[in-house]
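Step one of this worksheet: look at the structure below.
What you see below is based on every heavy atom in this structure, not just the backbone, and it leaves out hydrogens, waters and symmetry mates.
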Amino acid sequence: MIPDKAGNAELVIRHAHVLDPRAGLDGVMDVRLTEGRVSEVGENLRGTRKLDADGLHLFPGFVDVHAHWRTPGREDEETIESGSASAAAGGFTGVVMMPNTDPIVDSPVIVSGLMRRIEKESRVRARVSAALHVGLRGERLTEMRLLKEAGAFCVSDDGLGTASAGVLRNGMTYARSAGLPLILHCEDHTLATGVVHDGVAASLAGIPGSPASAEDVATAMALILAAETGAKTHVTHVSTALSAALVAFFKDRADVTADTTPHHLTLTDDLVSTLEGLYRVNPPLRPDAEREGVGDALRTGVLDFVATDHAPHASEEKELPLEEAAPGFLGHETAFAAIYTELVMTGKLTLPRLVEAMSCAPGGWVGEGGSVTVGEPADLALVDLSEKWTVDAGTMISRSSNSPYLGKTLTGRVVGTIVGGEMVYDRTGAKLGTRG
Amino acid sequence: MGIRSFLSLEDAGREDLREILDLARAHAEGRVGGTLAGKTVCLAFFEASTRTAVSFELAARRSGADVISLSEQGSAICKGESLVDTVVTLDSLGADALVLRHPAAGAAALASRHTSAPVINAGDGCGQHPTQALLDLYALSEAVGGFDELANRRVAVVGDVLHSRVARSVIPAFQKAGMEISLVAPRTLLPSDAGAWGLPVLPSVDDALDWGAEVLYALRLQKERMTGARIPSVGEYARYYGVSGRHLRGGALVMHPGPVNRGVEISGDVVLDAASLVPNQVAAGVAVRSAVLAVATGAVDRVAA
């Protein structure tokens, strides 16, 4: 925490409804933050600096293990500064940056350059995923031990599935010995030849589809190899019920975790009938049965947590026929509200499970944060669960505006985000009361 | 002497190793000679070799044997004759010992089933290289003051264990000599069942020294595999698995079966450093292989007498 002018590096958040299933907290209470960490949780805490949070919920900060901040290479779409601001606006206090940038993050010098920029520019705790293979080509391993020394947190060939089982097996084996977890984008490109889900909507619209099996086959391969190699493996953006079932099967056979995205939990492939490029994403939006299956898997903990796959695109890459548009959605700013609106308010998911899935579990995976516990970093999200808001391109904090929720009215909104005891996003100073 | 077979060292006991090394020393010191007089040794090298082929040939000739050298290109193998038929032919022609180098693991064992002559495995694929392990034991025991001085010393076997027939022979040889062994390699260059050896696997040469390694036994990394899918780069490999001068400060000895990829497994200045036993290993080849030929053909009994 940055001290105030009086040198006071302490803050008391008063009367917030603290919800942290991991710490067993669920009720109105006060939280004291001292020198960047949670120092006390209780009632009637006193302090010279305080935030009055009456009517607000206080969660452990959300952690997103899957984000594209487009740096280096496409700073017109997003930068570390704008991406981290967008994350903070969504209540995220920790983010993992994916390596499929231009140039690709496959050398130690690029990682160390990113680490320096993160230090200067990021409002939240940003971690770097380096590539698993040079150029993401699934051929030569990257210098994972040197990448780790340069600051890489994990490795991933995100955006591409690894075509060869033999290549992936070696990659997982080497990553394990390098002490780096893997985030795997599971997709078989001999099956995934279309641009949307290969289903009724695609057939009617005349758009080439990719079957669910494209994901399921690759997920099975990854999980089998994870079990064999012992590599710490995270399967990202699960979008089919069968892939989730495969994850369930391997949960006690491999060191495996998995996530799904807000859009796969809340949207379906009906949207592709609009033929608008805005709705192209990879893996594609699926039919309702798949969405339900993925939601059930998140509810039961088979899918450990939510990651957004925040993927900003310039308007010229999305305002195209669906087949020609770049795949990807913005995710940070709408993640909580979308899931809260579609799953919690409809009774399909409890609020504690949502907090577990957005904060505690991914925080545990990255090894920091995710709990309002004394001694933990003061990484927190303040949320107004009663606020309704309409997603609007003009108010997005990201440099891009390709949100699939544009025009939708959502309930629940992040109003403040604290990282290391410091307020990095503060939308309503009045609501939060007097600071200082 | 309890063993005649040199397909592997699996059946050799500690005393067998000591006897072979003693016999090798006798050869090195010129105390024995002519043990193979009147015998025919066939050297069948169906894979490239410098050290092993030359030292076997010198050993056989200095012991008085007639030597027949076969290579794949110079034999009927290149006309499509099978290994078994070639071995049967050599057997029929009266070879008293067959020294076989072959690219496939198990070739020496297969050959031994089709000849009455002893077969000495001079390296079979990723399988075994027992005479290399023996000459390593010889060179190391000479360096530390004798065979019994090997016991309880710690040796780290570093590098490409997966593809190394040397590792598969030298590990049991060191174990039989009473040494403690660790493996230092990326998991991608270890057999998937490396745990079956029950040896600790360490992540770098530095860690091996922390573990207490007094001997760093570096293995050759084949250049064709350097930038393949098993390791990222020569640079990263050399950083963690290469032996350089700084590793020798604590008095560690360095070994390598050769040929050395300088700057990869061992930095150039270390190859000829006083701590390097690489030249000693090569020099030990003739004496050890003389002893092996003598034991395999039964000539050792005459020596003992």
Those residues of residues 176-184 of chain B, ordered by number, that approach chain A below 4.5 Å (heavy atom to heavy atom): none

Donor-acceptor check, side chain of A:R145 to backbone of B:P203, threshold 3.5 angstrom: yes or no? yes

B:R187 to A:Y174, cation-pi by 6.0 Å centre distance and 45° axis angle: no

Rounded to the nearest 0.5 Å, what separation is found between the OG atom of A:S177 and the CG atom of B:L189? 9.0 Å

How would you list, in number order, the residues of residues 247-256 of chain B that have a heavy atom less than 4.5 Å from chain A? none

Is any residue of residues 166-173 of chain A within less than 4.5 Å of chain B by heavy atoms, and which ones? A:R169, A:N170, A:T173

Does A:E143 reach the main-chain N or O of B:G235 with its side chain, forming a donor-acceptor pair under 3.5 Å? no

Could you tell me whether A:E75 atom CD has more than 12 heavy atoms of other residues or ligands within 6.0 Å of it? yes

First locate atom CG of A:L141, then atom CD of B:E236, and finally report the distance between them rounded to the nearest 0.5 Å. 9.0 Å

Sort by residue number and list every member of residues 129-137 of chain A having a non-hydrogen atom under 4.5 Å from chain B. none

One should read off an interatomic distance between A:M144 CE and B:S233 OG, to the nearest 0.5 angstrom, of 10.5 Å

